[in-house]
Amino acid sequence: MVEIDSLLHSGYHHPAQRPWQAERTLTKSALMYPIFVTHEQDSLTPIPSMPNQCRVGVNRLEEVVGPLVAKGLQSVMLFGVPDDFVKDAFGTAADDPNGPVIQATRLLKSKFPGLLVACDVCLCEYTSHGHCGHLYPDNTIDNEASVRRLAEVAVNYAKAGADCVAPSDMMDGRMRAIKQGLIDAGVSHRVSLMAYSAKFASALYGPFRDAACSGAQFGDRSAYQLPPPSRGLARRAIERDVREGADMIMVKPAGFYMDIIRDAKELAPNHPIAAYQVSGEYATIHHAAAAGVYELKPAVLESMTGLLRAGCNIVITYFTPELLVWLS
Ligand SMILES: [Zn+2]
């Protein structure tokens with residue numbers, strides 16, 4: 001005899017009941033599409049390690065983004081891929097007015113005024129050493145100089161029309177510096193700050209570094225990105241970034257860090273939480289589907305469901321083009 005308080009099936013026996021079990025349901029508005037914008041303005045170059053993804057030149061951006069906007073795309077995140085020869089120790093090219101990010105921001109805001117354009121803010125794509133900040137002569141991070149430079153770059157993206165700036169560098173105190181920079185520039189009312197609060201030193205970034213040509217030339221990023229076992233540092237970083245003026249909190253990568261997403265929801269219950277399903281997660285799901293482990297569509301949708309269930313409101317994912325179709 002089954003006890004009354006053991007009965008669960010009655011709550012989801014009918015298909016119409018099953019979505020009712022969700023706290024959050026995936027919608028197109030939850031999706032943010034990351035785009036690699038290359039300095040080669042006419043180029044549309046497939047990225048070998050990321051199936052179906054391309055580096056996009058500014059002159060090809062409209063043909064890539066237009067059909068997605070028509071299907072309901074509401075936000076993008078831009079990453080710049082500059083020419084090698086512009087790289088220096090300080091990341092001078094990060095806010096070059098003729099560089100890919102500022103050019104792409106201007107173009108997208110003029111062609112698609114309703115599209116939210118977020119710009120990733122970091123120096124590693126633009127530094128000759130490939131690190132995310134400025135370095136002391138002994139190659140350790142000069143946090144103060146890095147933060148000053150990152151705030152400058154973020155403000156220049158904002159002035160070019162970015163609706164959101166998202167610093168991925170993991171320097172200490174950069175949220176406050178960027179927020180102050182936006183206030184001083186008179187744009188803080190129209191530019192939001194998405195904090196890569198809990199960005200872990202992950203094995204899953206390989207395809208991205210290939211796509212953005214942004215690998216470190218020596219050492220690694222373990223002194224500023226979070227150690228994967230560290231829940232405590234992630235919680236401290238989330239709380240700090242809320243205090244420093246973040247409008248949204250991000251966890252990266254996504255799938256291996258769902259406990260941290262749940263922590264973010266708990267620590268910042270009044271902030272939207274974003275999860276970045278990174279290049280390695282994207283490639284893994286693709287390759288597993290191609291190898292017959294599972295069907296692509298249900299696996300991708302389940303990965304999204306997991307992230308929403310963990311607590312996030314925004315998913316930054318390379319599967320956005322497929323999801324816009326599947327959600328139609
Ligand atoms: Zn970086």
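We count ligands from 1, going down the list as the structure has it; atoms in each ligand are counted the same way. The first residue of the sequence shown is numbered 1, and numbering continues consecutively from there.
There is a side-chain donor-acceptor pair under 3.5 Å between Ser303 and Gln277. Side-chain contact check for Asn156 and Glu152: no donor-acceptor pair (N or O, by modelled atom type) lies under 3.5 Å.
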Output a table of donor-acceptor pairs, distance under 3.5 Å, between side-chain atoms of residues 193-202 and any protein atom two or more places apart or on a different chain; print 'none' if there are none.
from   : atom 1 : to     : atom 2 : distance (Å)
Tyr196 : OH     : Asp120 : OD1    : 2.7
Ser197 : OG     : Asp241 : OD2    : 2.8
Lys199 : NZ     : Ser168 : O      : 3.0
Ser202 : OG     : Leu204 : N      : 2.9

Residue pair Asp84, Lys87: steps toward the salt bridge (charged side-chain N to carboxylate O under 4.0 Å, His left out) verdict: CA-CA 6 Å; Asp84 270 343; Lys87 298 187 181 193; 3.7 Å; yes
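The ring-ring contact (aromatic ring centres under 6.0 Å, His included) test applied to His39 returns no partner, not counting sequence neighbours. For Thr284, the side-chain contact (heavy atoms from CB on, under 4.5 Å) test picks out no residue, with sequence neighbours left out.
Protein contacts to the Zn ion (ligand 1) involving N, O or S atoms at a distance below 2.8 Å are Cys122 SG, Cys124 SG, Cys132 SG.
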